[in-house]
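Quick notes on the structure that follows.
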Amino acid sequence: MTIIPYDDRDGKIWLDGKLVDWRDAKIHVLTHALHYGSSVFEGERLYDGVIFRGRDHSERLIKSAQMLDMNMPYSADYIDDMKAQVIKANGLKNAYVRAFAWRGAEQLGVSAQLTKTHIACAAWEWGAYYSEEKRENGIALKTSPWKKPAPDTAPSQSKAAGLYMIGTMSKHMAENHGCDDALMLDYRGLVAEASSANLFTIRDGKIFTPIPDCFLNGLTRQTTIQIAKDLGIPLEETRIQYDDLKTFDEIFLTGSAAELTAVGRIDDITYKVGPITRKLRDTYSDLVRGKIKKAA
């Protein structure tokens with residue numbers, strides 16, 4: 001597989017108030033975020049020239065920074081315009097958009113009150129997260145030994161870079177065992193989500209999804225819940241025990257990158273890519289591309 005490094009590409013990136021050449025979008029090695037994880041970000045999808053829920057992503061970026069006590073001098077209007085300029089400058093119609101903010105190099109130490117908040121945005125063409133074969137058969141998950149922390153030990157509703165390290169470790173573990181992603185349990189041992197996507201389960205025509213009290217309540221998760229409501233599919237947010245996984249007929253993940261991805265296996269438990277998963281997946285695809293305004 002040919003790897004194209006993300007620091008050696010053509011195009012434009014927005015960096016602190018202006019568009020710069022892709023290869024010139026650099027920061028100093030003593031940047032606070034590099035040492036202490038003080039960065040927040042958004043991953044968004046551009047469909048036919050329109051970012052799905054772009055304003056919601058911009059507002060969440062601001063809220064994420066506030067949760068980290070990071071000064072955020074940029075408005076949602078500014079962030080929306082930044083993303084629009086990047087998309088236009090790179091001539092994109094369907095793409096992945098990454099807007100992010102971080103603490104700079106003005107101060108290095110645990111305290112960061114003297115640092116400046118920097119902001120940037122990049123966008124590039126990026127197709128489906130998983131292959132067509134995995135789309136049809138479902139991906140494989142392996143349960144991670146790492147758990148989602150309690151909400152009083154980490155800012156779980158912030159899309160903060162530092163929180164994703166256990167996701168990286170968990171996904172590496174899963175990949176080393178021949179799987180596509182990891183199933184994350186929470187600090188209580190309850191089913192939480194995948195390494196970077198929310199989880200939904202289906203039994204006897206009803207959807208069950210974990211309560212997001214210690215992990216991010218994703219925008220795609222929220223959209224999926226609304227789609228189920230519009231389609232008249234019963235859905236319950238509830239506590240899910242690991243042993244409950246044996247009782248479900250279908251399981252799928254949601255996220256801006258993963259979109260709506262079926263799960264075919266968790267550890268040694270197998271699932272079918274069933275009719276409800278397919279209906280939700282197809283409806284979501286139509287919704288993000290503007291083919292429908294609501295599911296029903």
Closest non-hydrogen atom pair, Asn198 against Glu193: ND2-OE1, 3.2 Å
If you measure from [atom1] on [X] to [atom2] on [Y], what distance do you get to the nearest 0.5 Å?
X	Y	atom1	atom2	value
Ile139	Tyr271	CD1	OH	12.0 Å
Asp80	His57	CG	NE2	11.0 Å
Ile62	Ser75	CD1	OG	6.5 Å
Thr224	Phe200	OG1	CZ	5.0 Å
Phe52	Tyr284	CZ	OH	5.5 Å

Residue pair Ile251, Leu199: steps toward the side-chain contact (heavy atoms from CB on, under 4.5 Å) verdict: CA-CA 7 Å; Ile251 291 183; Leu199 181 139; 4.1 Å; yes
Describe, in one word, how the ring planes of Tyr129 and Trp126 are oriented to each other, choosing from parallel (under 30°), tilted (30 to 60°) and perpendicular (over 60°). perpendicular
Give me the ring orientation class for Phe248 and Phe208: parallel if the planes are under 30° apart, tilted from 30 to 60°, perpendicular past 60°. tilted
Establish, for the pair Arg9 and Tyr6, whether the NZ or CZ atom is under 6.0 angstrom from the six-membered ring centre and no further than 45 degrees off its axis. yes
For His35 and Leu30, what are the C-alpha separation, side-chain angles and deciding distance, and is it a side-chain contact (heavy atoms from CB on, under 4.5 Å)? CA-CA 7 Å; His35 296 260; Leu30 293 181; 3.8 Å; yes
If you measure from the Lys or Arg side-chain nitrogens to the Asp or Glu carboxylate oxygens, is any gap between [X] and [Y] under 4.0 Å?
X	Y	result
Asp56	Lys63	no
Arg135	Glu259	no
Arg53	Glu59	no
Asp21	Arg23	no
Lys291	Asp282	no
Lys272	Asp249	no
Asp268	Lys142	no
Lys206	Glu236	yes

Do we see a donor-acceptor contact under 3.5 Å between the side chains of [X] and [Y]?
X	Y	result
Thr277	Glu250	yes
Thr254	Thr220	no
Asn71	Thr117	no
Tyr47	Lys93	no
His32	Ser38	yes
Arg203	Thr247	yes
Ser58	Lys83	yes
Arg60	Ser64	no

Determine, stepwise, if the pair Val97 / Cys121 fulfils side-chain contact (heavy atoms from CB on, under 4.5 Å). CA-CA 7 Å; Val97 181; Cys121 180; 3.8 Å; yes
Less than 6.0 angstrom separating the ring centers of Trp102 and Phe41, yes or no? no
